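Quick note on labels: first sequence line is chain A, next is B, and so on, each numbered from 1. These numbers come from the heavy atoms of this one structure, side chains and all, not from hydrogens, waters or symmetry mates. Values in this document were obtained by computation on a predicted structure and should not be read as measured data.
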Amino acid sequence: MLRILIAAILLLIWQAMAMSGLFYQDVVLGLPDIARGMARLLLDPDFYRNLWITVAEILAASAIGSLTGLVCGMVLGGSRILERAFERYLYYLGPTPKIIFFPLMILWFGVGPGSKVALGALSCFFPVALAVAAGMREIPFILKCVGTSLRATPLQKTLKIYLPAMRGPVINGLRMGFGVAVIGVLLAETKLSNQGLGYLVIQNYQHFDMQAMYALLIAIFGLAVAANTALSHWADPNHR
Amino acid sequence: MPRPDATRLRFGPELGGLAVLVLLLAIVELLVRSALLNPFLVPQPSAVLLAFGRIVAEENVLHRFLVTGSEAGTAAVLVACIGVPLGALLHRAHLLRAAIGSWIAAVAAAPIVLAYPLFLVMFGRSASTIIVISVLSGLPPVILMTTDSLQSVRPALIDVGKSLRMNAWSLFWKIMFPAALPGIFSGLRIGFIFALINVVGVEFLINFGGLGPLINELAERYDLPGTYAAIGFVVLVSIVVFLILEALEKWLRPGKR
Amino acid sequence: MNTASRQADEAARARTAPPILTVDGVSRHFDTADGRVDAVSDISLSVSHGEFVSIIGPSGCGKSTLFSMIGGLLPASAGAIRIEDETIRGPHPAIGMVFQEDSTFPWRTVIDNVAFPLELQGVARSERLEKARHFIDLVGLSGFERSYPAQLSGGMRQRVSIARTLVFEPKLLLMDEPFAALDEQTRLLLGDKVSQIQATLDQTVLLITHNIAEAVQLSDRVMIMSYRPGRNKRILPIDLPRPRTSEMLSSDAFGHYVARIWADLREEAGRGMRETEGVSARGADHASS
Amino acid sequence: MNTASRQADEAARARTAPPILTVDGVSRHFDTADGRVDAVSDISLSVSHGEFVSIIGPSGCGKSTLFSMIGGLLPASAGAIRIEDETIRGPHPAIGMVFQEDSTFPWRTVIDNVAFPLELQGVARSERLEKARHFIDLVGLSGFERSYPAQLSGGMRQRVSIARTLVFEPKLLLMDEPFAALDEQTRLLLGDKVSQIQATLDQTVLLITHNIAEAVQLSDRVMIMSYRPGRNKRILPIDLPRPRTSEMLSSDAFGHYVARIWADLREEAGRGMRETEGVSARGADHASS
Amino acid sequence: DDTLKLAVGQRGNWDTIVSQLGQDAGIFKKHGLELEILYTQGGGETLQAVISNSVDIGVAAGTIGVFSAFQKGAPIRIIGAQATGAADFWYVRADSPLHSIKDATPQTTIAYSTNGSSTNSVALGFAKAYGLKSKLVATGNPSATFTQVMTKQVDVGWSSPPFGFDALAQGKIRIVAKANDLDEIRHESIRTLIGNVNLLEHKQDQLKRFMAAYRETIDWMYASDDALKAYAAFNKTDVATARKVRDEFFPKSLIDPDKMAGLDLLNKDGIAFKTISEPLTPQQFDTLIQIPPRQ
Ligand SMILES: Nc1ncnc2c1ncn2[C@@H]1O[C@H](COP(=O)(O)OP(=O)(O)OP(=O)(O)O)[C@@H](O)[C@H]1O
Ligand SMILES: Nc1ncnc2c1ncn2[C@@H]1O[C@H](COP(=O)(O)OP(=O)(O)OP(=O)(O)O)[C@@H](O)[C@H]1O
Ligand SMILES: [Mg+2]
Ligand SMILES: [Mg+2]
């Protein structure tokens, strides 16, 4: 109830801002304009075509980035020596915006979806690897001992002890990884492409079609939030 | 449970890691020299090393480094100064938390940086655009972790305060806040990472500011070693922020193990 | 001194020394999702100045609940608690509490932990450090003033908590299983220490425990609680000479008291264990913590 | 049966039954940043089939270190450990370990926890569930098969651990302070249960503890360890009739053994406590965990 | 049909749309070519895409950037001029006191896109030609610039047709200068068509057909109104605007691919912007510039 009220107030403030003329009115659009843009977008088959492309790229990027991050994180987290040798480099590269590597990605993976997936995967890798490495270290030592004393094979330990024991941190890492993979893919699309939602955004911007741009951004935010909510729902330990 | 000991190795692993890094670079150098790696795509690491000196001398990198650094610093300070109080507020105001807690989690998931054209038209091609986007991306984790860690302060510590008849204000400052600091710092670390990614990322995208545009410009000029050297400076910004945060944490959390 | 004369003596003392703490028909229940839990039911007890009273009972019998109510952290559902005729409605300045869990502040050094209550009272820095140092010495931690809790063992941390409570010289010291996390030997040696301190400071102590030997070793009287709802099953005066040391553990008289309390408790513990197996997740969780 | 004849009997038994476990001059040290720590020094012990042996010693004396070495989780610095003539170099299939800390898998239900070792061995699902159910019943947890550890009390979780170890029928059961986290009453009642199970399954048990009553209550022999470096201070045969119940706790014979062990331990614990106060953060930290 | 991949900077400009319109009109198809067009956000990416051989042809790569890459040995060649002279124009808000860029004072701020870009040369050119002391500021692409002008962050903005034409029509802005006002710009091939060496060596035939179709498309674009309609539809504007773009801003010579003009000037610019360390020699130009001749 309160939530609806706050939402309504926020929308009203926006509308007031749009009408006040304090902001350049071609940029801060009123609500009716945004609604119109939304309707136009949702009826446009082009939107759905580009949407699926982007979704496929994001899924591929998250899958590759998460898997490599998972393996790397487990190796780093499983050995104090490797951790001390290499983890700092992950921490240093983690906050480096991956978009600056996009030129390299074009060089290596071409101009098609390959380079977008690569950039997304690269973005996704770091948070997953760091979270898994930390999670690995937080597995109670005792649980590893149980596995060793029962002479579990490394594969058995990984599947039956490490992964379930790290469920929380791993899923949190995957969530963060997914979030940055989305950003990576979309930004790559704005840079060099002829399809995908990132491409649509930049086209609308270059045409100064603010209506369409708002609509697109709202759609993208909505989808990202929905995907993230689904992931966190899955992470909730009460929801097995 | 007694664990096998690894403390014997004082700096062995660190040196080993460095050695592996150097070795990798040497291999890349060889591959590029022998043209097994396309030399037009990957510069020789040695050339990149030399380019560091060159871009410092010719491209005013130190100034650009400071520009990016101060943007990152401003964003970080804002993230901390807005995020932590907001998190605390959310912790205290249960109603507000119920109402907008999940929204903040949602904002955390939204790729705000994609709206950069929008911010560009609102705030112009200026440092404020860069800082606003960075702050917005860095805030959610800080707010959420602050609320969370205040929420999960051990009840025994709060009971101590109550039994000593502390008022709400000093209970917060002397017990809740210091007890929540470890959690707040993990939030800050994530928040700063996001903010930093966005600072340089947006600089790069809108071609404005310090190091971001330099990377663009050098790439445009097809100065590959220079481009990589500039990326090296960006990594340096990350390292500096990371180290500052660590020092800050050491200072604020003296009892930390 | 035989038991009868000792009891007479006790009674005389109770008459002359007015009780510092009176628990008068106190009950407490919790309303949970699974229904109402009666944690403490109609407990009465009075403690005179200088006395050492222990409360013993099986896990989940309501000891901590009673402790919180006396400490003023939790209101009673029925009955009243008085400190020297003053009914308490919140934390009372005459009471010092030592908690079951580790409650040292990890961000403060030992000396800053101990000086904390004085800091709140606005005592000048030099004075409060001096006082803190005195109590750190008393609990045997001299030399560790500048250490952080993370650098200490569990037993040492509990001693810091005790010093922090002693430092503001509360008239009544409440302790909730302060040694539960420690191993038996350390626990008994710490018990010796608390006994000495109590004698030195002429302190009134209410100790909650589930360790029989500890209760017998330290107390003038032991109150045995029944399993949930926690009631007063028996109050047993311990008629052993003081000072008591851990050597006494192997004496026959000591064994007599242990056996006596054990007989009472076995019944309750057995009841508790059987019942715990039937309780909901929440209750069981709590009982185990 | 008097003490002398009982001891003769013991000796005869040791001659006839070959030892299932032989610990032969085992030592272990750790290299830490602050220098070398000798945790265990030159320990020898042999345990015959069907015997119940306890190891008791003050905190930090190296009990868990010895436990890990026998379990094959930690190599010895010197000496050898043999299971029926086979020198161990890693976890041995004949050994089942129950750990000091809670080691149940929080993401598995009770029955899946208990069936875990069988799952690793590739036993068919229906068979392993049936077996798991049997051992859950044995430790008195029937009805909780589908609960998660978070929904159980500490004592119940330890029983899950025990069932999980019993399920693959190890010849030698190693237990490291399995009841340390529990309150005294629950602990003694669980001890009764372990005693029953051992009799039923004719199991060999090596129990590590620092609880004197527990050691006396359960063991055929008690090995008392000295404070660091942990050495074998004494091996004491417990000549009490079986089955032993918690009632015995108040008997005179029982008190005799308790007093005897206590006398040995007091010295060591005192030494340990004084020393702990002097050790570095790291060591103290470890001792408290 | 053979497929060629193109990387194109600046979607929807009259000069960059040639291949798109030709493809839509079936002209490339007629020459047995299928084009796959990717859009980039600038010359840098176009260049990289070509160097890495991920695309065959780059459209609208900044000439001095191409010089630089070539000088460092990158495997690229110029296969045609793309823009000789520029259609970019400079404008002010309608309420501005400026009537021509010549009126600019030292307080006036004049926009260009990014350092080293062609708009940067033009802005510098204005300053030199008219002796202006105004401040030059990098403002990014036309829409970013437009907002900054409208919100008074800069005085004189730049744009590239057709962006801003609706604002012009509504009287929100006024044009104060055109790039082609400057002689040296008018005679300088500031952007090029480039191809990877691989294309020249192994797909000579496709390249020839591409250039033939490209030229044919340009002829068609200036021959009738069909192209104007297609252009208007692509850019979601009207034919009148399209006509204005073509007739007022893009003389046919501007997009003629056959001749690279102003090589000396370009050499000088390259050195001024530090993209090349020394001027390219005539021999180097012979290797670099390999425009397939008209059949
Ligand atoms: N906040 C609460 N809500 C619901 N039930 C509670 C609450 N606090 C305590 N209880 C219940 O009241 C009973 C008594 O709890 P209490 O903590 O006082 O026991 P205790 O004697 O201190 O046990 P232990 O020896 O394990 O510390 C328990 O059954 C517990 O589950
Ligand atoms: N990995 C290690 N590195 C350094 N020192 C260790 C290590 N493991 C154990 N120690 C030291 O060895 C000694 C024996 O430890 P151990 O855990 O075996 O004691 P314990 O008898 O089991 O104690 P507790 O009763 O507290 O469980 C301790 O002083 C401890 O600090
Ligand atoms: Mg309690
Ligand atoms: Mg141990």
**Student:** Answer yes or no: is there a donor N or O on one side and an acceptor on the other, between the side chain of E/Asp88 and the main chain of E/Ser160, under 3.5 Å?
**Tutor:** no

**Student:** Any salt bridge linking E/Asp238 with E/Lys244? Criterion: basic side-chain nitrogen under 4.0 Å from a carboxylate oxygen.
**Tutor:** no

**Student:** Could you please state which residues from residues 178-192 of chain A sit under 4.5 angstrom from chain E, measuring non-hydrogen atom to non-hydrogen atom, sorted by number, or 'none'?
**Tutor:** A/Thr190, A/Lys191, A/Leu192

**Student:** Identify which of E/Pro142, E/Ser54, E/Gly9 forms the greatest number of heavy-atom pairs closer than 4.5 Å to chain A.
**Tutor:**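 Top count of heavy-atom pairs under 4.5 Å with chain A: E/Ser54.
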
**Student:** Using modelled atom types only, decide if a donor and an acceptor are shared between the side chain of A/Asp44 and the backbone of A/Arg40 within a distance under 3.5 Å.
**Tutor:** no

**Student:** Determine yes or no for a side-chain-to-main-chain donor-acceptor pair under 3.5 angstrom, with E/Arg174 supplying the side chain and E/Ala94 the backbone.
**Tutor:**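 Side chain of E/Arg174 to backbone of E/Ala94: a pair is present.
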
**Student:** Checking A/Tyr199 against chain E: side chain, backbone, both or neither under 4.5 Å from a heavy atom?
**Tutor:** side chain

**Student:** Sub-4.5 Å heavy-atom contacts with chain E: which residues of residues 109-135 of chain A show up?
**Tutor:** A/Gly110, A/Val111

**Student:** Please look at A/Gln203 and chain E and tell me whether the side chain, the backbone, both or neither of the residue comes under 4.5 angstrom of a heavy atom of that chain.
**Tutor:**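 Side chain only.
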
**Student:** Can you tell me if E/Thr237 uses its side chain to pair, donor with acceptor, with the backbone of E/Thr241 under 3.5 Å?
**Tutor:** no

**Student:** Under 3.5 Å, side chain of E/Thr192 to main-chain N/O of E/Gly80, donor-acceptor pair present?
**Tutor:** no

**Student:** Classify the ring geometry between E/Tyr91 and E/Phe89 as parallel (under 30°), tilted (30 to 60°) or perpendicular (over 60°).
**Tutor:** tilted

**Student:** Kindly indicate whether a cation-pi arrangement holds for E/Lys178 with E/Phe249, taking the cut-offs as under 6.0 Å to the six-membered ring centre and within 45° of the axis.
**Tutor:**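 Ring-cation test returns yes.
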
**Student:** Would you find a donor on one side and an acceptor on the other, under 3.5 Å apart, between the side chain of E/Ser143 and the backbone of A/Tyr205?
**Tutor:** yes

**Student:** Measure distances from E/Tyr39 to the heavy atoms of chain A and classify the residue's part below 4.5 Å as side chain, backbone, both or neither.
**Tutor:** both

**Student:** Is the shortest distance from a Lys or Arg side-chain nitrogen in E/Lys203 or E/Asp2 to a carboxylate oxygen in the other one below 4.0 Å?
**Tutor:**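 The answer is no: the pair does not qualify as a salt bridge.
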
**Student:** Over 60° means perpendicular and under 30° means parallel, so tell me whether E/Trp14 and E/Tyr231 are parallel, tilted or perpendicular.
**Tutor:** perpendicular

